[in-house]
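Since the model is a prediction, treat every value here as computed from it, not as a measurement. We name chains A, B, ... by the order of the sequence lines, and we start the count at 1 in each one.
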Amino acid sequence: MGASAVNIVIGGEAGQGLVTVGEFLSRALVRAGYAIVVTQDYQSRIRGGHNTFAIRADSAPVVAPTEGIDLLVALSAETLDIHRSDLTDRALVLADAAHGLAGLPGLAVPYKELCPKPLYENMAALGVLGALLCLDPAWITGLIAEKFGRKGDEIVAANSQVFAAAMDWTIAQKAAFACLPPPEARGRRVMLHGNDAIALGGLAAGVDFCSFYPMTPGTSVIQTYIDHADRMGVVCEQAEDEIAAVIMAVGASYAGARPMVSTSGGGFALMVEGVSLSGMLETPVTIVVAQRPGPATGLPTRTEQADLDLVLSAGHGEFPRAIFAPGSVEQCFHLSYRAVDAAERFQSPVFILTDQFLADSFRDVAPFDLDSLPPVARPLTAVPDPAGYERYAVTGDGVSPRLIPGFCEATVVLDSDEHTPDGHITEDLGVRVTMQDKRMRKHDGLAKAALPPDVYGDPDNATLLTCWGSTLGAALEAAQALREKGEKAAVLHFSQVWPLTPDAFMPVLGQARRTVMVEGNFAGQLARLVRRETGYVFDGRVNRYDGLPFTAAYILERL
Amino acid sequence: MVTAQDYGEFETAWCPGCGNFSIRKAVVKALVELGLPPHKAVFSTGIGQAAKAPHYIRVNTLNGLHGRSLPAATGIRLANPELAVFAESGDGCSYGEGGNHFLAAIRRNVDITYIVHDNQVYGLTKGQASPTTPQGQQTKTQPHGAPSAAFNPVAVAVTMGASFVARGFAGEIDHLAGLIAAGARHPGFALIDVLQPCVSFNKVNTYAWYKERCYALGDDHDPTDFGAAMEKARQWGERIPIGILWKSDRPAFGAGAKAPLATREPDMGALREIIEGYA
Ligand SMILES: Cc1ncc(C[n+]2csc(CCOP(=O)(O)OP(=O)(O)O)c2C)c(N)n1
Ligand code: SF4
Ligand SMILES: [Mg+2]
């Protein structure tokens with residue numbers, strides 16, 4: 001990493017405020033025009049333990065986390081021991097003078113003297129960081145005023161004073177640390193994490209119903225909806241369990257809502273019957289599965305990409321579905337929008353497969369262009385012949401006119417049993433075949449609409465790093481590193497993992513000299529799926545399942 | 001004007017003599033009394049013999065999964081406050097597989113009329129014990145008698161402060177229709193547990209058995225008196241009370257949509273401001 005970039009890690013115990021420091025600094029950096037990638041690593045507890053909030057900031061675009069630490073803010077003594085070996089040559093450690101620097105280069109910050117109360121230590125840490133990075137203090141004092149304004153002028157003044165004193169103290173230390181160079185001009189940016197962007201994409205698509213049962217890292221999608229529910233008119237209800245959450249969504253969808261539910265693997269396991277119900281009733285529902293390591297409760301707050309097989313086959317019987325796998329915060333927004341539309345258009349369950357890393361990863365993004373979004377499919381509130389209306393009319397593409405009950409004289413009948421076109425229970429086996437064929441024809445439409453994987457770089461005779469979901473950034477950076485060493489390298493990224501588009505990607509795989517599937521699981525689930533569907537076997541695989549996100553270094557070491 | 005003909009005539013898959021036929025009649029009678037045209041009422045059901053009921057009435061229907069009539073009904077209700085929402089299913093579906101949803105629905109007090117066909121047995125799966133099968137009653141799969149104490153749905157509902165709790169009997173169609181209509185008019189969650197003979201699998205709790213025991217609660221029962229309600233909810237054996245056991249004016253669930261979601265479009269101007277707010 002050049003001096004245009006810095007990797008800042010704030011480490012400490014849960015409850016010490018490291019997320020406050022991290023979010024303040026991240027937002028100040030974004031407002032100042034820098035690019036950021038945040039990685040949050042935390043334990044499943046409310047107090048104690050060891051957590052980190054890492055900000056990789058750059059004056060040029062940045063897409064992935066990295067290992068080496070340039071600035072380590074140690075809010076606990078333990079932080080120094082844990083991250084000692086990750087420090088770069090130019091690294092500085094910022095430790096509490098009361099704990100000392102343990103022989104490491106850095107600044108022993110006299111928090112006690114700088115802060116009238118321990119409560120203000122976060123502001124002191126921000127002052128030290130702001131001074132070292134040569135950040136215009138106005139970016140942070142502005143945030144202090146916004147954040148604490150409600151609590152009164154005195155609180156704002158007290159926080160600002162501690163911040164300014166810490167800046168002054170740091171400048172007086174004359175510590176040798178290169179300032180961040182001025183950022184490249186990129187226009188206005190906002191700071192969002194992946195789950196914020198999924199919720200905002202849903203709101204743009206008209207999502208107006210969220211039934212949920214809390215489970216990390218899926219909950220923050222719902223939290224974002226709840227934050228804007230009153231303004232945007234979203235009905236949010238905490239259900240008694242995940243089964244109820246998904247079935248409520250199906251019921252609401254039948255009545256004309258556009259629902260989104262969000263959970264993680266364990267909660268999704270409970271939702272599986274609802275997925276099958278959505279498939280049979282042909283009632284749209286969009287489901288976010290934010291992956292974390294399993295099996296069972298696994299590592300509740302860490303990351304993994306091991307639920308592709310689960311989501312791909314969830315639900316008894318056969319029915320069409322689509323699975324999106326965003327690789328960036330921008331893709332979280334746009335694929336969420338697309339997922340809601342696909343669910344409505346094909347009257348099927350549609351999934352967004354994300355993970356803890358992307359869910360919690362704040363990035364700088366351009367505000368989304370809402371005017372250029374294509375229209376979202378909508379159901380009907382009236383039909384020409386109410387008396388003859390059939391919810392499951394047999395059609396060429398398998399999509400039947402979906403009427404919402406209550407708006408015209410027709411009655412709308414849905415049945416989870418096999419049913420006749422008018423929705424009533426049947427055991428006529430001929431009808432069964434007709435209806436199953438009709439439902440499965442929607443798969444062809446979903447396949448035609450499916451996004452082919454994106455190709456980054458020239459795959460011809462190259463090492464082709466293939467990946468899906470949040471692994472995109474690390475793969476791009478690894479490919480860049482290979483090219484800098486003189487090796488041809490490119491990336492093939494699947495932002496939709498079902499249905500596959502072999503016609504689009506098989507030629508790309510064929511062009512490459514060496515193909516490597518990089519995915520965050522043990523078994524190589526996408527590699528296996530591609531093999532199942534096409535017979536293609538990747539030349540190599542890189543897998544990670546230690547709960548941490550991929551980095552370029554991790555991939556390069558294993559190629 | 002709405003008439004019984006509007007609700008149609010259908011061939012059913014029920015056994016001749018089953019209590020479900022009478023419950024169907026009572027439901028139609030109530031819908032007519034309420035003046036509800038078929039397209040303004042929605043029935044959400046689970047799976048079981050009882051759950052097939054809306055296939056035999058012309059009405060909006062979501063016949064979903066075993067145990068899940070209430071969550072689907074809740075979703076419908078929250079998405080469109082202008083529909084009359086009914087949930088209907090058997091005792092196994094409602095109190096066994098769907099037990100957690102039953103408790104949650106009482107707590108939410110969401111405006112749903114819940115009609116439970118309580119035949120004290122799993123009918124569709126051929127006669128296993130259900131949560132309301134009396135302890136010790138023999139079935140094919142419980143040859144030594146149902147080992148657990150029976151669940152008393154009305155007593156649980158009263159204890160939890162449900163806002164409308166009634167017990168009906170399939171053999172008293174007019175009385176039952178009155179309970180269903182009263183439950184539908186009640187703003188909040190209304191439980192109507194219906195004693196339903198199953199001629200194929202429950203040889204103990206027959207029409208004759210119920211006829212001998214059921215008596216309609218009169219004006220001397222005050223359904224707002226908690227003590228009296230609990231006493232009647234627990235009365236079983238020689239004499240079984242039917243009627244409105246308990247009623248309260250607890251406010252109905254308020255967190256749903258105020259107008260049907262189906263006709264709304266997102267406010268893109270507001271969303272643009274929200275996104276800008278993340279700077
Ligand atoms: C998830 C699930 N488990 C089990 C079943 C099988 N099953 C169908 S109906 C039923 C019991 C029905 O009993 P009840 O709800 O009392 O209705 P009844 O048939 O007596 O009217 C069961 C266990 C099912 N359909 N789905
Ligand atoms: S099995 Fe019992 S409940 Fe089911 S239809 Fe026959 S008599 Fe009725
Ligand atoms: Mg039963």
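- Here A/Glu237 is the residue among A/Arg189, A/Arg391, A/Arg378, A/Glu237 with the most heavy-atom pairs under 4.5 Å with chain B.
- Rounding to the nearest 0.5 angstrom, the gap separating the CG atom in B/Leu65 from the OG atom in A/Ser276 is 7.5 Å.
- With a threshold of 4.5 angstrom between heavy atoms, A/Glu146 does not approach chain B through any atom at all.
- Ranked by non-hydrogen atom pairs under 4.5 Å with chain B, the options A/Arg258, A/Met280, A/His419 are led by A/Arg258.
- Residue B/Leu83 touches chain A through its side chain alone, counting heavy-atom pairs closer than 4.5 Å.
- Taking NE2 of B/His55 as the start and NE2 of A/His424 as the end, the distance is 7.0 Å to the nearest 0.5 Å.
- Comment: A/Asp371 engages B/Arg272 in a salt bridge, judged by a side-chain N to carboxylate O separation of less than 4.0 angstrom.
- Residues A/Glu240 and B/Arg108 form a side-chain contact, since some pair of their non-hydrogen atoms from C-beta on lies under 4.5 Å apart.
- Neither the backbone nor the side chain of A/Cys236 comes within contact range of chain B; no heavy atoms are under 4.5 Å apart.
- The closest side-chain heavy-atom distance from A/Asp417 to B/Lys52 is not below 4.5 Å.
- Just one residue in the list B/Asn60, B/Asn63, B/Val59, B/Thr61 forms a side-chain contact (heavy atoms from CB on, under 4.5 Å) with A/Val413, and that residue is B/Thr61.
- Of the possible donor and acceptor atoms, one in the side chain of A/Arg27 sits under 3.5 Å from a partner among the backbone N and O of B/Tyr278.
- Among the candidates A/Ala249, A/Ala197, A/Pro259, A/Gly256, the residue making the largest number of heavy-atom pairs closer than 4.5 Å to chain B is A/Gly256.
- Ranked by heavy-atom pairs shorter than 4.5 Å toward chain B, the options A/Val207, A/Leu203, A/Val30, A/Ile404 are led by A/Leu203.
- To the nearest 0.5 Å, the span separating OG1 on B/Thr74 from CD1 on A/Ile247 amounts to 11.0 Å.
- Top candidate by heavy-atom pairs under 4.5 Å with chain B, chosen from A/Ala410, A/Cys408, A/Gly423, A/Ser211, is A/Cys408.
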